[in-house]
Amino acid sequence: MANVSLSAYKVSELVFNNKVNGKVQLKLSNKVSHNVRYRPNGTCEANLTVEAYDKEHKDVLNFKICLTGAFKITAQVEKEFIHVETFRELYALARALTATVTGACGVPPIMLQEIDIEKQEIYRFEMNGKKENEDE
């Protein structure tokens, strides 16, 4: 059994702007944000926002999806592990939904690049607004 499991999710925002005319070569870029709120009852809520857009003309083509997931935590595990696992679950959903929605809208599906979150630099802040390892 997994230590972190997705109980439910919802798409809270979905925006697709497609003003591409004719054959245009697009240079897609994306931006991702993810945060987790921990609950004392062995659950947490994770929020993921993914944006994909043309680097040179953001107003011509852009896509944004915001997902919220409710997760059960079945064991005492590090917050970093929970952060990574919740990201993986929600990002997989975001990738699938992005490809499905854009593909159904008459354009080649936007395939978000895979992200290895463990190789990314993660900034972690506690509720008091200071970085966790910042001296008081």
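Being a predicted model, the structure only gives us computed values, none of them experimental.
- Side-chain contact check for Phe71 versus Glu89: some heavy-atom pair is nearer than 4.5 Å.
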Is there a side-chain contact (heavy atoms from CB on, under 4.5 Å) between Leu61 and Asn17 once you walk through the steps? CA-CA 5 Å; Leu61 179 77; Asn17 182 29; over 6 Å; no
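- In plain terms, the two heavy atoms of Cys44 and Ile82 that are nearest each other are SG-CG2, 3.9 Å.
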Can Thr43 and Ile73 be said to form a side-chain contact (heavy atoms from CB on, under 4.5 Å), step by step? CA-CA 5 Å; Thr43 64; Ile73 305 166; 5.9 Å; no
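- Between His34 and Thr86 the shortest side-chain heavy-atom distance falls below 4.5 Å.
- Nearest heavy-atom pair across Ala99 and Pro109 is O-CB, 3.5 Å.
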Begin with the C-alpha distance, continue with both residues' side-chain angles, and end with the deciding distance and a verdict on side-chain contact (heavy atoms from CB on, under 4.5 Å) for Glu78 and His83. CA-CA 9 Å; Glu78 297 287 327; His83 191 90; over 6 Å; no
How far apart are the C-alpha atoms of Leu93 and Leu6, what are their side-chain angles, what is the distance that settles it, and do they pass the side-chain contact (heavy atoms from CB on, under 4.5 Å) test? CA-CA 11 Å; Leu93 287 168; Leu6 180 64; 3.9 Å; yes
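- Atom CG of Leu14 and atom CG of Leu67 lie 9.0 Å apart (nearest 0.5 Å).
- Inter-residue side-chain proximity for Phe87 and Leu48 is flagged as met; some heavy-atom pair is nearer than 4.5 Å.
- A pairwise comparison of heavy atoms in Ala94 and Leu112 identifies O-CD1, 4.1 Å as the closest pair.
- Both Val50 and Val11 are part of a single hydrophobic cluster, where members link through side-chain heavy atoms under 4.5 Å apart.
- Checked by atom type and distance alone, the side chain of Tyr91 never pairs as donor or acceptor with a backbone atom of Val32 at under 3.5 Å.
- Minimum interatomic distance between Ser7 and Lys72 (heavy atoms only, all atoms of both residues): OG-CG, 3.2 Å.
- Here CG of Asp54 is found 6.5 Å from CG of Leu28. Values are rounded to the nearest 0.5 Å.
- Between Val4 and Glu85, the closest heavy-atom pair is CB-CB, 4.1 Å.
- Residue Thr100 holds its OG1 atom at 12.0 Å from CD1 of Ile110, rounded to the nearest 0.5 Å.
- The side chain to side chain contact (heavy atoms under 4.5 Å, CB included) with Glu45 is formed by just one residue from the set Thr68, Val36, Asn35; it is Thr68.
- When the shell of 6.0 Å around CD of Glu13 is examined, it contains more than 12 heavy atoms from other residues, nucleotides or ligands.
- Taking 4.5 Å as the limit, every side-chain heavy atom of Ile65 sits out of range of all side-chain heavy atoms of Thr49.
- When side chains are defined from C-beta on, Asn47 counts as touching Arg37, because their heavy atoms get closer than 4.5 Å.
- In this structure Phe16 satisfies the ring pair (Phe, Tyr, Trp, His ring centres under 6.0 Å) test together with Phe63, sequence neighbours excluded.
- Using a 4.5 Å cut-off on side-chain heavy atoms (C-beta onward), Val107 and Val20 make no contact.
- For the atom pair SG of Cys66 and CG of Leu90, the computed distance is 11.5 Å after rounding to the nearest 0.5 Å.
- The shortest distance between side-chain heavy atoms of Gln113 and Asn30 falls below 4.5 Å.
- Counting only heavy atoms from C-beta outward, the side chains of Ser29 and Tyr53 approach each other to under 4.5 Å.
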